[in-house]
Amino acid sequence: MSQTPAWNNNVEITDALVKEHGLSDDEYALCLKILGRTPTLTELGIFSVMWSEHCSYKSSKKHLKTLPTKAPWVIHGPGENAGVIDIGDNQAIIFKMESHNHPSYIEPYQGAATGVGGILRDVFTMGARPIANMNALRFGSPDHPKTKHLLGGVVEGIGGYGNCVGVPTVGGETNFHPSYDGNILVNAMNVGLAQQDKIFLSAAAGIGNPVIYVGSKTGRDGIHGATMASAEFTEDSEEKRPTVQVGDPFTEKLLIEACLELMATDMIVAIQDMGAAGLTSSSVEMASGGGVGFAFNLDMVPQREEGMTPYEMMLSESQERMLIVLKPGREAEAKAIFDKWDLDFAVIGKITDTGNLTLTFKGDVVADIPTKPLADNSPEYDRPWVKQEPKAILGADSFPAPADMADTLLKMVGSPDLCSREWIWQQYDHQVMADTIQKPGGDAAVVRVHGTDKAVAISTDCTPRYCYADPVEGGKQAVAETWRNITAVGANPLAITDCLNFGNPERPEIMGQFVGCIEGMKEACEILDYPVVSGNVSLYNETNGTGIHPTPAIGGVGLLSDSSKMVTIAPKTAGEVLLLVGE
Amino acid sequence: MKARVHITLKNGVLDPQGKAIQHSLSALGFDGVEDVRQGKYIEVDLTETDKDKAYAAVEEMCKKLLSNMVIENYAIDIE
Amino acid sequence: MKARVHITLKNGVLDPQGKAIQHSLSALGFDGVEDVRQGKYIEVDLTETDKDKAYAAVEEMCKKLLSNMVIENYAIDIE
Amino acid sequence: MKTAVIVFPASNCDRDMIVALEKVTGQKPHVIWHQDSDIPDVDLIALPGGFSFGDYLRCGAMAAQSPVTKKVIEHADRGGNVIGVCNGFQVLTETGLLPGALMRNESLKFVCKDVKLKVENNDTPFTNAYQPGQIITTPVAHHDGNYFADDDTLKALEDEGRVVFRYVDDNGQATKAANPNGSRNNIAGIISRRKNILGTMPHPERLIEAPQGGTDGLGFFESMINALN
Ligand SMILES: Nc1ncnc2c1ncn2[C@@H]1O[C@H](COP(=O)(O)OP(=O)(O)O)[C@@H](O)[C@H]1O
């Protein structure tokens, strides 16, 4: 057994270390300015994840701001954990879509499973009971050597997690195209039902209020930090840091029930799930959102492994954990709920008036960062972009008509993009909760609002090759298609969420695709009165300089006020008339 | 020849099954259980009679199919 | 002490997973695989230091929980 | 009819069962948490579907050891009626209240689809509202519904008419194609010797109103009310 050197929070911050943490010179300079000194290793780690592309949206923020986000029925637009819309009778639908692309390529089952877990938490953290899952999947060419394995793993993972949690997976879309050969896309969407007067936000409040950690213990999952971040220096130090996060849907289900039980009381001041960058992003967002500080004693964090360092605890992406600010004096009452559901419950700190995130570990202060500048001054780039001119139109006249129409029809219907996806959705329990009134196979999934006459219609759509050919038209079409699909089942489209999947934003052509798609989305949303209430961006979906087709996956939600008026695609009887509407 | 293959999760990877079993054992009144880990045990009967060749073949099987090399380890005994 | 428990299906009980693995190995080009059986491998870390007591405890665990005595057998090693 | 629904950690289909029972009986069922050591005096105990304890180790294995399960066994031993749907059926076999075991589906995949069942025996408290040999449609949604019992047990089940539901095709034939999970003899649901305990993999509680796609599941619950009267 080799020596275990003491973990050093005050290690010298070299240029190499800063680079390893993904911070540019400007970003590091800003970090120094905010702190007024050099950062500790823990602080460096915190800055690096908060200002990563994934958490800060630095390449995309500028353009996302142009999207329409308001309507009379929008209660909360982008800015919260998920979007919230009014469906009448003091009820709200809360929904969002998120990507888990890169992890799913490495480990398809767990990557997809943890994607489902993550989006569930974003929805129920706001007080909604999740009522439907959807997924938008993109794989490489069917005959690419990895496709079968990836498809099988992803579908099994989505089913494995969603089925165990007991939320029906009611629809989605699946495409195959060579541009995804090296970068598959797994976008998971969740829709939940809440009472309008019981919606929970994340902004922390109340100096002295306790801050509680609930859920699974923290392990070394998903930490991508410098080697010095880990206390263990052994031959298999790689083994010590699993880059793949493993999800536990059983714990997630318990977490949902425990949280909903807690939410039924008046004990919660604020609540946030621990998603990407776990304890770091949740605490910084909660604190900065409320203009307060958090003081944590990291010794109190429930740990799954021995010898975890503050760096590891703050950056860990262990799943199934939530952070809660509770009213003072209610800790024991709240703990009783989590004891019932067999979940860890730890008071790890309290709210302070310093505005700083102050972390202590074994009696020492290991980090002390002003949260507002950390959150608000996160970098925002204006990356150079080149307008993508629409490709030349392929007229139908430029192709000879097929000799055998019937044969051609069969070929098309049997092709990867058009064939039945039954093999996929039969692996998902699409009926649990007994409110699914339109199963996968139709234009949109329809789920009853339990105990009422209302129903929610949900559709995910995008045609990436259109977006590649003409980003603006493609962006428009994606939004419009969800609109049509929702309308087709008899529902009134209300709002969308999105998952914008693109290649390397440092390439001006890719930024051009991004800007173009957003422009198209904006136009469609404005004309249709169909705003964006939440969303996600996934960039760098690229291998060896070849990027995916631009894929702005849209998740639309609509309402049927009378679920008995729902329409399906199947003809009901002989003699019915077929009408073609539109040019 | 018979190959006995043990597939276990790598150190640091969450083991929800092991965790649940440990909980259950505790609820059943079994004290003194510090940890539980669940893995797979696969027996492969081979026509191959050479021990080294058998081992090499089974190792290939592990890497290609039996073990998810991202999160699992394998251990092989040939008898 | 560490208990290594092997849970295997009784003879005569169907093993869909074993069969599927056998099929896949064949499809992957591995010849000479006569049979494949999949079972569970459970490691239990105990505070108990007496080998016999540990064995007895783990056997109870098997009968009560770890093994479904209708379709499975258990085998325990203590180290 | 007084009923109780047992809820284990991650029993997901408890609400579906509660809704179905309330609809048919007009009364709210008692909802019993797995840690409770007492079940009120009821006519029927329902073990709902779901993923109790995550289906970890074996489906239903840990639920079978919960404090409340002892009370379910006592109720059954006294002749009280018990139904186990999907995960509930798995709990019943794990406790030994029903013979056999539910193993991984032959396809190794989770399967969620509508299946046709033949009501093989309508002389039970759970199927008297159906015609003998009636073919009904119910959904299945499971990963481990492959019913296994040894040859002797299987023979006894068949000879004693204790196979209550069997997977069949549209013509009532128990074909391989009609079998969603590889169950021996296409068995979908069985009953105990005393005819008071029924286990079924298909979910009748999911098909009790037209918007759900059909009402063939209603008969299952109506039978129980008939039996009581
Ligand atoms: N493509 C997008 N369109 C609209 N809003 C977006 C988009 N991407 C992100 N957002 C919004 O920006 C906020 C920050 O996003 P994110 O960091 O993903 O939230 P979370 O912490 O819940 O993961 C969220 O409120 C989200 O809805």
Residue set satisfying side chain to side chain donor-acceptor pair (under 3.5 Å) with D/Asp169, at least two apart, ordered chain then number -> none
Should A/Phe250 and D/Phe51 count as side-chain neighbours, where that means a heavy-atom distance under 4.5 Å? no
Locate the shortest heavy-atom distance separating A/Leu254 from D/Pro9; write the atom from each residue and the value. CD2-CB, 3.6 Å
Contact class of A/Ile437 relative to chain D, heavy atoms under 4.5 angstrom: both
Write out all chain D-chain A donor-acceptor pairs shorter than 3.5 Å, or none if the list is empty.
from     : atom 1 : to       : atom 2 : distance (Å)
D/Asn12  : ND2    : A/Asn163 : O      : 3.4
D/Asn12  : ND2    : A/Cys164 : O      : 2.9
D/Arg15  : NH2    : A/Met433 : O      : 3.2
D/Arg15  : NH2    : A/Asp435 : OD2    : 3.1
D/Arg15  : NH2    : A/His450 : ND1    : 3.3
D/Asp16  : OD2    : A/Met433 : N      : 3.1
D/Tyr56  : OH     : A/Asp248 : OD1    : 2.4
D/Cys112 : N      : A/Gln426 : O      : 2.7
D/Arg206 : NH1    : A/Asp429 : OD1    : 2.9
D/Arg206 : NH1    : A/Asp429 : OD2    : 3.4
D/Arg206 : NH1    : A/Gln431 : OE1    : 3.0
D/Arg206 : NH2    : A/Asp429 : OD2    : 2.8
D/Glu209 : OE2    : A/Arg448 : NH1    : 2.9
D/Glu209 : OE2    : A/Arg448 : NH2    : 2.9
D/Gln212 : NE2    : A/Ala434 : O      : 3.1

Got a list of side-chain donor-acceptor pairs under 3.5 Å for residues 38-47 of chain D, not counting sequence neighbours?
from    : atom 1 : to     : atom 2 : distance (Å)
D/Asp43 : OD2    : D/Lys2 : N      : 2.7

Relative to chain D, which of A/Ala434, A/Gly152, A/Gly159 shows the most heavy atom pairs under 4.5 Å? A/Ala434
Sequence neighbours excluded, which residues qualify as side chain to side chain donor-acceptor pair (under 3.5 Å) partners of D/Thr124? D/Thr127
Leading residue by heavy atom contact count with chain D [cutoff under 4.5 Å; candidates A/Pro249, A/Cys164, A/Gly451, A/Gly166]: A/Cys164
Per-residue contact mode, A/Val165 against chain D (heavy atom under 4.5 angstrom): backbone
